[in-house]
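Reading through the structure tokens given below for one structure.
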Amino acid sequence: MSFLNSLMHFAQGIDPTVTRLMLGEFEFIEFEVPERVAITGRQKTVPHQMIGGQRVLDVLGTEYDPLSWSGVITGAHAGERVSALERMRDEGRPLVLLLDTYRFTVVITAFNPVYEFVWRRPYSLEVAIVSNDGSPQKTDALSGALQRLIDSDIGRALGLASVIDVEAVADAVKTLHDAVKQVSDFAHATVDQIQTVIRPLIAARNIIQHELALLEAAAGEITSLGGLIPGNPIDRTVRNLLAQLDHATRIPALYRLQDVLGRLDKNVNAGQTADGIKTITLSGGNLYQVAAEEYGDAMLWPDIAAVNGLDDPQLTGIQTLTVPLKPADKP
């Protein structure tokens, strides 16, 4: 079958060789349609280096670069079409972008028309991708992967706590374990749910740091293997030797537990990132302004503060903040 004959199978008036490009209700036509649009993205991951050289990657989702293209708006209605795109840019609303089989939710970040003639307006346009609406849903796979990582770290923490055999450490890890069990899906948890785990996690890490300081101070008092110093009583030498053996077991286990809880901290907080946390970098300013811009309510600043470990809404210096997609006070 020739190429010309194959075109007869298409509906009357439809050209299968023309790229369809729509932004909201605005459809680009003729020379307005670019020859190419680069769609670049990368899978965002956080690597964890395990004991023995094994690596575990947290998969946080695809991160897209802005889309940009250029073209020429022509015809008797060129001025009206330019004005329509300028209004869309100035409103800053999320729009659906259709590019043949691609479908994105985007926001226009730049639209730059050039006036040449009344009937001819070259332009360039850039949009930031909010979401890829045509990609497969990642919820189930992401939820399961993140949950398995967290459950695995909790299992390691319980095992190390039994090796350390210190009541305060065992109690702290058990409390943390109970808190983790109350959250069924970390990939889509709210700030409040995350904080119910973060609080006992911080407490456990503080207890571990305290126990490490005590054991390392005690180990430093023994200046030789087993305290084998001439003139020492035999019972003291035995006690020192047993203490050294005890320290040799507990101190490395405490350091491993410290590493496990540090990784757990990242994974627990990664849940909000996986479900749509964004990061913004500011020089000075305050969290009232950030909450007002992101949520439309300045009084929700404590939700942003909690995720970033802040207690003061005033910001100093250059700071990169994580902003949850869903504040705790909103469903």
Side-chain angles (χ1 to χ4, degrees), residues 1-45 59-117 119-143 145 187-188 273-279 325:
M1 181 184 293
S2 69
F3 175 72
L4 291 177
N5 288 336
S6 68
L7 296 183
M8 299 301 294
H9 292 276
F10 291 93
Q12 191 73 21
I14 298 179
D15 185 351
T17 66
V18 173
T19 299
R20 188 184 184 210
L21 176 61
M22 290 190 67
L23 183 58
E25 297 181 358
F26 188 98
E27 182 165 11
F28 294 81
I29 58 175
E30 298 178 342
F31 298 108
E32 299 168 2
V33 180
E35 292 184 359
R36 64 182 64 85
V37 178
I39 304 172
T40 57
R42 63 195 61 81
Q43 183 64 253
K44 192 171 182 180
T45 61
V59 179
L60 305 184
T62 305
E63 186 176 61
Y64 289 95
D65 292 333
L67 302 181
S68 61
W69 67 86
S70 59
V72 181
I73 300 174
T74 60
H77 301 289
E80 296 175 13
R81 292 178 67 76
V82 166
S83 295
L85 287 169
E86 287 176 329
R87 285 194 298 272
M88 294 163 64
R89 174 200 61 196
D90 296 343
E91 288 172 356
R93 293 185 294 105
L95 302 165
V96 174
L97 172 67
L98 297 176
L99 176 60
D100 286 343
T101 58
Y102 288 102
R103 180 186 175 95
F104 298 100
T105 297
V106 302
V107 173
I108 299 175
T109 54
F111 172 62
N112 304 306
V114 177
Y115 185 95
E116 289 187 350
F117 302 100
W119 51 270
R120 179 182 170 86
R121 313 285 180 92
Y123 77 92
S124 63
L125 191 148
E126 180 183 271
V127 298
I129 295 178
V130 178
S131 63
N132 182 353
D133 304 329
S135 66
Q137 292 296 317
K138 66 180 185 302
T139 300
D140 290 341
L142 180 60
S143 298
H188 305 94
T273 305
D275 195 34
I277 263 190
K278 60 189 274 188
T279 61
L325 181 66

#### Entry: Closest approach of G92 to V107 (non-hydrogen atoms, all atoms of both residues)
O-CG1, 4.0 Å

### Query
Nearest 0.5 Å, what's the CD-CZ distance between E63 and R42?
6.0 Å

### No-hydrogen, no-angle side-chain donor-acceptor test under 3.5 Å, N132 and Y64
yes

### Query
Do V37 and L99 come close enough that some side-chain heavy atom pair is under 4.5 Å?
yes

### Test log, rule side-chain contact (heavy atoms from CB on, under 4.5 Å), inputs I29 and R81
CA-CA 11 Å; I29 58 175; R81 292 178 67 76; 4.0 Å; yes

### Message
If you apply the rule side-chain contact (heavy atoms from CB on, under 4.5 Å), what do you find for F104 with L23, and how did you get there?
### Response
CA-CA 10 Å; F104 298 100; L23 183 58; over 6 Å; no

### Message
I'd like to know whether L125 forms a side-chain contact (heavy atoms from CB on, under 4.5 Å) with F28, so could you lay out the CA-CA distance, the side-chain angles of the two residues, the decisive distance to 0.1 Å, and finally the verdict.
### Response
CA-CA 12 Å; L125 191 148; F28 294 81; 4.3 Å; yes

### Summary
Separation between CG (D100) and CZ (R20), nearest 0.5 Å, reads 9.0 Å

### Message
For the CZ atom of R103 and the OG atom of S131, what is their distance to the nearest 0.5 Å?
### Response
9.0 Å

### Task
Write out all pairs satisfying salt bridge (Lys or Arg N to Asp or Glu O under 4.0 Å) with one or both partners inside residues 83-92, taking only residues at least two apart or from two chains.
E91-R93

### Task
Applying side chain to side chain donor-acceptor pair (under 3.5 Å), name anything that partners S70, two or more places apart in sequence or on another chain.
none

### Trace of the side-chain contact (heavy atoms from CB on, under 4.5 Å) decision for F26 with L85
CA-CA 8 Å; F26 188 98; L85 287 169; 3.8 Å; yes

### Query
Taking the side chain from Y115 and the backbone from G79, do they hold a donor-acceptor pair closer than 3.5 Å?
no

### Query
How long is the gap from OG1 on T74 to CZ on R121, to the nearest 0.5 Å?
11.0 Å

### Summary
Note: G24 and L95 closest approach over all heavy atoms is N-CB, 4.2 Å

## Note on the structure
The reported gap from CD in E32 to CG in L21 (rounded to nearest 0.5 angstrom) is 9.0 Å

#### Entry: Any M22 side-chain heavy atom under 4.5 Å of L97 side chain
no

### Query
If you measure from CG on L67 to CD1 on I108, what distance do you get to the nearest 0.5 Å?
12.0 Å

